[in-house]
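What follows is one structure encoded as C-alpha cells, with my remarks underneath.
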Amino acid sequence: MPELLIDGEKYQYEDAHKNLLASALSMGFDLPYFCWHPALDSVGACRQCAVKVYRDENDTRGRIVMACMTALTPGLRASIMDPEAVSFRAGITEWLMVNHPHDCPICDEGGECHLQDMTVMTGHNYRRYRFDKRTHRNQYLGPFVNHEMNRCIQCYRCVRFYRDFAQGSDLDVFGWHDNVYFGRAEDGMLESEFSGNLVEICPTGVFTDKTLKRHYTRKWDLQTAPSVCEHCGLGCNTIQGEHEGILRRRYARYNPNVNGYFICDRGRFGYEYVNSARRIREPMIRGRTASNRAPAAEGAVAVNQMGNTILPSEAAESALEAKDVLARAAELIAGRKVIGIGSPRASVESNFALFSLVGAGRFYQGTPASELKAVRRIHDLLSSGVVPGASTQEAASCDAVLVLGEDVTNSAPRLALSLRQASLRKPEAAAKAEIVGGVQSWDDAALREAVQSERGPFFVATPAWTKLDELDGSPFRGAPDDLARLAFQVAHLVDPKAPAAGGLSAEAARAAERIAAGLRSGAKPLVVSGSSLPLIEAASNVVQALRSGGLDARAVFTVPEANSMGCAMMEGEGIEAAAGAVERGEVETVIVLENDLARRLPRASLAKLLGGRARIVALDHLANATTEKAEVVFPAATVSEGDGTFVNNEGRAQRFVQVFNPRGDVKESWRWLGLIMAEIAPDRRNPWPNLDAIQAQAGAALPQLKALSGIVPGAGFRAVGQRIPRLSHRAASRTAITANVTVHEPPPPVDPDSPLNFSMEGFKGMPPAGLLARYWAPGWNSVQSLNKFQVEVAGILKGGETDRLLFPGLGAARAPSYSTALPPAFAPADGELLLLGARHIYGSEELSNHAEAVAEVAAKPYVAVSRTDASRLGLAHGGSALVRVRGEELALGVVVKDDLPAGLALYPVGLAGEGYLELPAPAKVGPGRVGA
Amino acid sequence: MSPALSVVLCIVLLVILMIVGGLLTWVERRLLGLWQDRYGPNRAGPFGVFQIFADILKLLTKEDWIPEFADKPVFVLAPAIMLVAVVAPFAVIVFAPGILITDLNIGLLFFLAMSSMTVYGVALAGWASNNKYALIGGIRAVAQMISYEVFMGLSLMGVVIIAGTFSLGEIVERQQSVWYFAYQPVGLIIFLIAGLAETRRLPFDLPEADSEIVAGFHTEYSGMKFAVFFLSEYVGMTLISALIVVLFFGGWMGPFLPPILWFVVKTAVLIAFFILVRAALPRYRYDQLMELGWKGLLPLTLLNLLATGAVVLAIGK
Amino acid sequence: MFSNLRTIWVMFLHAFAKRVTVQYPDEKRKLPSRWRGRIVLTKDPDGEERCVACNLCSVACPVGCISLQAAEDEHGRRYPDYFRINFSRCIFCGYCEEACPTYAIQLVPDYEMGEWRRKDMVYEKEDLLVNGQGKYPGYNFYRVSGLSIKGKGKGEAENERPSVDPRELVP
C-alpha cells in the first residue's frame with residue numbers, strides 16, 4: 001500500500017482517489033473543515049482545512065495548502081500540527097466568527113454545531129472583534145426548515161447540496177462581498193423534497209428543524225436508537241430522538257447500502273404522528289372506554305425520562321385493564337372461526353405473529369389483490385435473480401436510467417435523489433476523460449464546471465409530468481399500458497429475442513429507439529418501475545435484454561409501503577378475499593393488524609367487512625375508521641416505540657430498535673398477539689417473550705424468514721459485559737424530570753428485545769454498526785462525528801452489518817426469460833377517461849398525514865385532466881367536477897394539466913379522509929357538484 | 001463476702017457499666033468538641049446530656065438488619081463476645097476496700113486472659129459479615145491485638161515483680177507509700193499505648209479506619225448490635241483506665257475523699273486522657289503500628305522488665 | 001514521638017480557646033452576597049424572564065436536578081415552558097450559575113429551605129422566579145444576541161449594523 005507522511009509519522013492509505021482531508025479524517029486526525037462534505041466533496045472555499053506540505057525531506061519551510069484540495073501522492077509529506085498551519089486555521093475561524101451572532105443559547109444547533117466544534121478545535125476562544133456585526137433578515141421557508149441567516153458563515157454547503165446535489169432551483173445565494181445571502185428569491189416553502197437535509201448539511205444554525213423547534217430538546221438529552229423510516233418502501237435508516245415521552249426529531253442514519261447521508265422530508269418530518277392526539281394508548285373494549293378515568297390533562301400524565309408511566313396507581317389500573325381486554329380478545333378468538341388481516345406497514349414479526357395466531361390459510365395480506373400481485377411479482381423477479389436489484393444508494397452509481405411509469409419523487413422520494421446523481425455519471429466520466437491530466441473525482445467545482453448542464457442518458461416515461469422530467473429532454477407521455485408497450489419495444493430493440501410490441505405510434509417508436517440506444521450506451525443501466533404489473537414485466541424485459549447484451553443492468557422496483565416486500569414473502573390472499581369470506585359468513589372474528597381497511601377497500605366491500613357480520617379485533621397506533629368499528633382495540637407500538645424488522649423494496653431486511661417506552665400501555669403488535677395466544681393456550685405460555693424468540697420461531701416456521709435473526713446482535717449481546725446506552729453520557733436532569741410526580745427516581749425499564757439500555761449507563765465505545773444509537777465523538781458533537789464511525793470517510797460503518805439483503809441478487813449469467821404478457825394498447829373509451837392514481841410525497845402516506853408539519857402541506861383532493869379533455873368536457877382549471885368511478889361519485893376540484901395525454905385523468909391516492917379507489921379505472925368526468 | 005451481696009454487686013456493677021458506657025458516648029463527643037473549639041451535642045437537655053437517650057432511641061428503632069450473605073449465628077454472636085470479654089475483667093477490679101466482686105490471686109492474669117478474648121469478637125464479626133471491608137478490618141484487628149498483647153502483659157510484669165503478687169487488691173495495698181507509676185514510668189507508658197491498641201482507640205483504630213475501609217469489622221452492623229460494639233469500646237476504655245488506676249495510681253487511695261470517689265476521679269481523668277489522645281493524634285499507618293509495636297515497644301518492655309528485675313534483685317526485699 | 005506529645009499538649013490547651021461554632025439557629029451569620037444557597041431565576045431590566053431555556057444549567061448540573069422544556073413565543077423569544085429544580089438533590093455547587101449564559105439562574109444567600117416532605121423541595125418555575133435582576137444588574141441577553149424578538153428587530157441589538165438588503169449591489 002502506498003504511504004504518506006503526516007507530522008513525520010508514516011501512514012498507509014488505500015484509496016488513492018481521496019483527498020488529503022478525507023484521508024486524514026479516515027486516519028483519525030481531527031482536522032477542521034466547513035465546506036467539504038463527504039457526499040458533496042471538495043471546493044476549497046472555506047480555507048479551514050489548511051495543512052502544510054513539503055516538497056521533499058530537505059524542504060523545511062513547506063507551504064500551506066488546503067487539505068481538501070490536495071491529492072494523495074505516494075510519499076506525500078504533510079503536517080497538520082505545524083504551528084503556521086495551526087495559526088492559519090485559528091485565524092480562519094476567527095474571521096468566520098466575526099459576524100457570527102451571540103446566540104448559541106437560543107440556537108437549535110447549539111450542542112451539535114459543527115461551527116462550535118471547529119471553533120473549539122482551532123482554539124479560538126475569545127472574540128477580539130469589537131465592531132458592529134452584519135445582520136440579515138430571515139425568510140419563511142415552509143413548515144419544515146427554519147431560517148436564521150445571521151448565523152451564516154458563507155461555507156456554501158447549503159446551495160451546493162440544494163442546487164448541485166439535490167438539483168433544486170429555489171434556494172440560491174444573493175448579494176456579494178460580505179453581504180452574501182443564502183435564501184429564496186422570496187419567502188415561501190422550499191420546493192425540494194430534500195430540503196430537510198439542509199439541517200444536517202449546514203455546519204451551523206442557519207437552517208434548523210422547525211418541527212424540533214416546537215418541542216426543542218438538546219442533542220445530549222435525546223434518547224436515541226437506530227430505526228428505519230416507515231413512510232415509504234425504501235426503508236431509509238433513521239436515528240430518532242425522544243425526550244420525556246415525546247418523539248422530538250428524526251435524523252438520517254448513515255447506511256451506505258440504502259440512503260447514504262440523506263433522507264427525504266417526508267421521512268424526516270413525518271415522525272410527529274407518534275405524538276398525535278389520535279394515538280390509542282390503552283387497550284379498549286367497545287362499550288367500555290379505554291379506562292374509566294377522565295382523560296388526563298396534557299402534561300398531567302406522569303412519564304419518566306424513558307417515557308414509561310410511573311404513577312403506581314395508574315400502572316396498576318392499566319395492567320388490570322389490559323388483562324380484561326386480553327381476556328375479551330381471547331373470548332372472541334378461542335375456538336371460533338377467525339381470520340387475520342396483516343399489514344404492509346407492520347413489521348415482519350407482527351405479521352408473522354398474526355399468521356401463527358390464525359394459521360396459514362386464514363391469514364390475509366392487508367393489501368388489495370392488485371397491489372399484492374405486483375409486489376409478489378417484484379419479489380419473484382428479485383429473489384430468483386432474474387432481475388438483479390440495486391440499492392437506493394447503488395442506483396446513484398448507474399449511468400443510464402429509464403423511469404417507467406413511476407413518479408419517483410412522490411412514491412419513493414429518496415430514490416429520486418439517487419437518480420439525479422445517476423444522471424451525472426456519464427458526463428462526469430466524460431469530463432474526467434476529456435480534461436488533460438484528468439480531474440480528481442473529489443474536485444467538485446472542477447467537475448461541475450466541466451459538466452455544466454450536461455446530463456447522461458435519462459428517460460422518463462410516465463403518464464404525466466414528474467419532477468424528474470427536467471433530466472430528460474423529451475419525456476414520453478402515455479397511459480400505463482402504452483408505457484409498458486414502449487418498454488417491451490425497448491427490450492426488443494436491445495435484444496431481438498425479446499417480444500416486440502407492434503403497432504406503436506410513430507412517436508412511441510422513435511422514443512423506443514432513443515431509449516434503447518441511450519440505455520445501451522451506459523455501462524450500468526437502470527430501470528425504475530413498480531406501480532403496476534405490466535410495467536414491472538416490461539421493466540424486467542428491458543433489464544434482461546440489456547444484461548443479455550453484457551451490460552450490468554439493474555432494476556429498482558418501488559413498493560408502496562415500508563414492509564410491502566416483507567409481507568409478500570408470506571402466504572396469504574389479498575384483502576378482498578377476506579371481505580368475501582366475511583360476507584359469506586365464514587368468519588366470526590377478524591383480527592386487523594395495524595391496518596385502516598378504509599384505505600384499502602372500496603366502500604362497498606368495507607361495509608361488508610366492518611358491517612357487523614364479524615367481530616373486529618384491531619391493533620393500531622392511531623384511531624381510524626377500522627378501530628372505530630372494532631370490538632377490541634389494542635394500542636400498537638409505532639416504529640419508534642417497538643422492535644421489529646422491515647424488508648424494503650430491494651429485499652433488504654432492516655431491524656428497527658425501540659427508541660422509548662411510550663405513555664400508556666402501548667406494545668408491539670407481535671407482543672399483544674403473543675399475550676393473546678398465552679391467554680388462549682392451556683398452559684398460558686407466551687409463545688414469544690421477546691423479539692429474538694419470535695424471530696427464531698418465524699425462521700423455523702417459514703424458511704424464507706430465517707435470515708431475519710441476528711441482523712443486529714440479539715438481546716443477550718453485551719459489549720464488554722455492558723448494554724449499549726440509548727442516552728448520551730451527558731444526558732441531564734434525571735433527578736428532576738419526574739420530580740413533580742415523585743422524588744423517587746424509578747429504575748429504568750429493562751429492554752427484553754435489544755441490547756440497548758433505556759439509560760445513559762453502558763458501553764461507551766464503538767457499538768456494532770446496527771446498534772449505533774447516535775453520532776458523537778470527543779470534540780465532534782455534530783453529525784459530522786459520523787466520520788469517526790466509518791471505516792473510511794463515506795465508506796462502510798465500523799462494527800459489522802446494519803442490514804441483510806435477503807435476495808442474493810447477482811447470480812451467474814442466465815438466459816433471459818422474457819415475459820410475453822404484452823398489454824393491449826390503450827384506447828380511450830367513448831366519453832370515459834382512464835382515472836389514474838397520483839401519489840404525493842405529502843399526503844399519500846397514511847401515517848405522515850398525522851404529522852403536523854406534513855399535514856400542513858399535504859395535497860388536497862383534485863382531479864387532473866388534459867387540456868383537450870377539459871375543453872371537450874367543459875371543465876375549467878379551478879372549477880369543480882363530478883367524477884363517477886367504480887360506482888362512486890366524487891366532487892373534486894379540477895386541475896388542467898397540459899402535459900397529460902388526452903383520455904387520462906389523475907386523482908391523488910391515499911389522502912387523509914379519502915376512501916379507497918381501485919385505480920386505474922374508467923371514469924366519467926363532467927362538470928358539476930354532488931347532487932347537482 | 002456473702003454470695004448474695006456478690007450477686008447484688010454484680011448487678012449494680014453491670015448497670016453502672018452500662019450507664020458509664022452510655023454516658024461516655026456523650027462525654028467523648030463533648031470533650032472532643034471542647035478540644036476542637038466547638039460544642040459537640042448540646043441541644044438535647046442540659047448540656048445535651050439527653051443526647052444519650054436520643055441515641056439509644058434511635059439505635060433501638062433502627063432496622064436491625066442481618067445481611068443475606070452473612071453467617072447469621074456468628075454474626076449475632078460476635079458483639080456478645082465483645083461485650084462479655086470487656087465486662088468480665090471488672091470482676092477482679094478492686095474499686096475500694098470492700099467494694100469488689102472477687103479478689104482472685106491471679107486477678108491480673110484473669111484480666112489479661114479476658115481482654116485477649118475481645119479479639120474473637122472482632123475477628124468473628126469481620127468474618128461473619130462476609131464483606132471485604134469487614135474482613136480486612138477483622139484481620140487487621142487480629143494482627144494488631146495479638147501483637148500488642150505480648151508486651152501489654154509484659155509491661156505489667158514490672159508491677160508484679162515489685163508487688164510480688166497478681167492479686168489486684170494486694171497490689172493497691174502495696175502502694176500505700178509510693179504509687180507504682182513512680183517505679184514503673186516505662187511500664188505505664190507502654191501499657192497506656194498497648195491499652196489504646198487493645199481497645200482499638202485512635203490513633204490505633206485501624207480495624208475500623210472509616211476513611212479507608214468504611215467501618216471495618218462492623219461495616220455490616222446496624223441497630224443494637226452496632227450499639228453493643230460501641231458500648232464495648234467504651235467499657236473497654238473504662239476497664240483499661242480502671243486498671244491503670246489500680247496498678248499505677250494507687251487505686252482508691254487518696255486523702256480526704258472517700259476511697260470509692262478517689263477511684264472514680266482517677267479513672268475519669270484517665271478516660272479524659274484517652275479522649276484527648278483521640279482528639280489530638282491522627283491514625284497511624286499500618287506499618288507504623290506494627291513497627292512501633294515490635295521494634296519499639298517490645299524491646300523496651302523487655303529492657304524495662306530486665307531492669308526492674310535487676311533492681312529488685314539488687315535491693316533485695 | 002515528641003511531636004505526638006506536643007500535639008496532645010496543644011490540643012489540651014485548646015480546652016481554653018474560644019469556640020468557633022455559631023449557635024445556629026439562635027444566632028445567624030451574615031452571608032456574603034455570593035453565598036451559594038437557594039437558586040432563583042431572575043428577570044432582565046425589561047422585566048422579562050432572563051432564562052432562554054438553553055439547557056446549559058441542566059447539563060452542567062452534576063446531580064441532574066434541573067429539568068426544563070424550551071418554548072418560544074410568537075415573536076421568537078425563547079423561555080422555559082416549565083423549569084424544575086429538585087432541591088432534595090441539589091448540592092449547591094453553583095455550576096448552573098456558572099454555565100448560565102444569560103445570568104438568569106443565580107444562587108442567593110438563603111439556605112433555610114428544610115421541608116418535612118422531600119416532594120416539597122421540588123421547585124417549579126413559579127417558585128424560582130424572582131422579580132429582580134439579582135447580582136448582575138443591567139444585562140439583557142436579547143440586546144446582544146442577533147435573534148429578533150418583540151420590539152427588537154434584526155440589526156437593532158448592540159453592536160449590530162442594520163440588516164443587509166441582499167438585492168443591494170453597491171460595493
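Residue numbers begin at 1 in each chain, while the letters A, B, ... track the order of the sequences.
Ion pair C:R78/A:D103 not flagged as a salt bridge, since none of the NZ, NE, NH1 or NH2 atoms sits closer than 4.0 Å to an Asp/Glu carboxylate oxygen.
Taking a 6.0 Å sphere around NZ of C:K150, one finds it holds 12 or fewer heavy atoms contributed by other residues, nucleotides or ligands. Residue-environment remark: OH (C:Y24) exceeds the threshold of 12 foreign heavy atoms within 6.0 Å. In this structure, C:R19 places its CZ atom where more than 12 heavy-atom neighbours from other residues, nucleotides or ligands lie under 6.0 Å away. A:F174 CZ: more than 12 foreign heavy atoms inside a 6.0 Å radius.
Shown are C:S148, C:P166, C:S163; of these, the side chain to side chain contact (heavy atoms under 4.5 Å, CB included) with A:R137 is made only by C:S163.
Summarising the geometry of C:N86 relative to A:A739, their closest heavy-atom pair is ND2-CB, 3.8 Å, with the distance given to 0.1 Å.
Ranked by heavy-atom pairs under 4.5 Å with chain A, the first of C:A157, C:C65, C:A70, C:C57 is C:C65. Between chain C and the options A:C107, A:C104, A:P105, the largest number of non-hydrogen pairs under 4.5 Å is found for A:P105. Listed options C:E158, C:E72, C:K154, C:R77 were ranked by heavy-atom pairs under 4.5 angstrom with chain A; first place goes to C:K154. Note: C:R89 leads C:R167, C:M121, C:R89, C:R117 in heavy-atom pairs under 4.5 Å with chain A. Note: A:T135 leads A:T135, A:N99, A:D108, A:V180 in heavy-atom pairs under 4.5 Å with chain C.
Distance alone, capped at 3.5 Å, places no donor-acceptor pair between the A:N179 side chain and the C:V164 backbone. Remark: the backbone N or O of C:S58 is not paired with any side-chain donor or acceptor of A:S733 at under 3.5 angstrom. Panel note: side chain C:Q69, backbone A:Y216; a donor-acceptor pair is recorded below 3.5 Å. Formation of a donor-acceptor pair under 3.5 Å by the C:R118 side chain with backbone atoms of A:V743 is found in this model. A:K133 places no side-chain N or O within donor-acceptor distance of the main-chain N or O of C:R161, the cut-off being under 3.5 Å.
Atoms CG and CG, from C:L147 and A:N138 in turn, are 7.5 Å apart once rounded to the nearest 0.5 Å. Atoms CZ and CG, from A:R218 and C:L56 in turn, are 6.5 Å apart once rounded to the nearest 0.5 Å. Interatomic distance, A:N740 CG to C:K119 NZ, rounded to the nearest 0.5 Å: 7.0 Å. With rounding to the nearest 0.5 Å, the separation of CD1 in A:I737 from CD1 in C:I66 is 12.5 Å. Between C:E160 atom CD and A:H102 atom NE2 the span is 11.0 Å, to the nearest 0.5 Å.
For A:N146, no part sits under 4.5 Å from any heavy atom of chain C, backbone or side chain. Both the backbone and the side chain of C:V52 come within less than 4.5 Å of a heavy atom of chain A. Looking at C:C61, neither its backbone nor its side chain comes within 4.5 Å of chain A, counting heavy atoms on both sides. Contacts between A:F182 and chain C at a heavy-atom distance below 4.5 Å are absent for every atom of the residue. Interface residue A:H177: only side-chain heavy atoms are found under 4.5 Å from chain C. Contacts between C:R84 and chain A at a heavy-atom distance below 4.5 Å involve backbone atoms as well as side-chain atoms. The contact between C:E124 and chain A is made entirely by side chain atoms (from C-beta outward), counting heavy-atom distances below 4.5 Å. Only the backbone of C:P162 has a heavy atom closer than 4.5 Å to any heavy atom of chain A. Only the side chain of C:Y142 comes within contact range of chain A, with heavy atoms under 4.5 Å apart.
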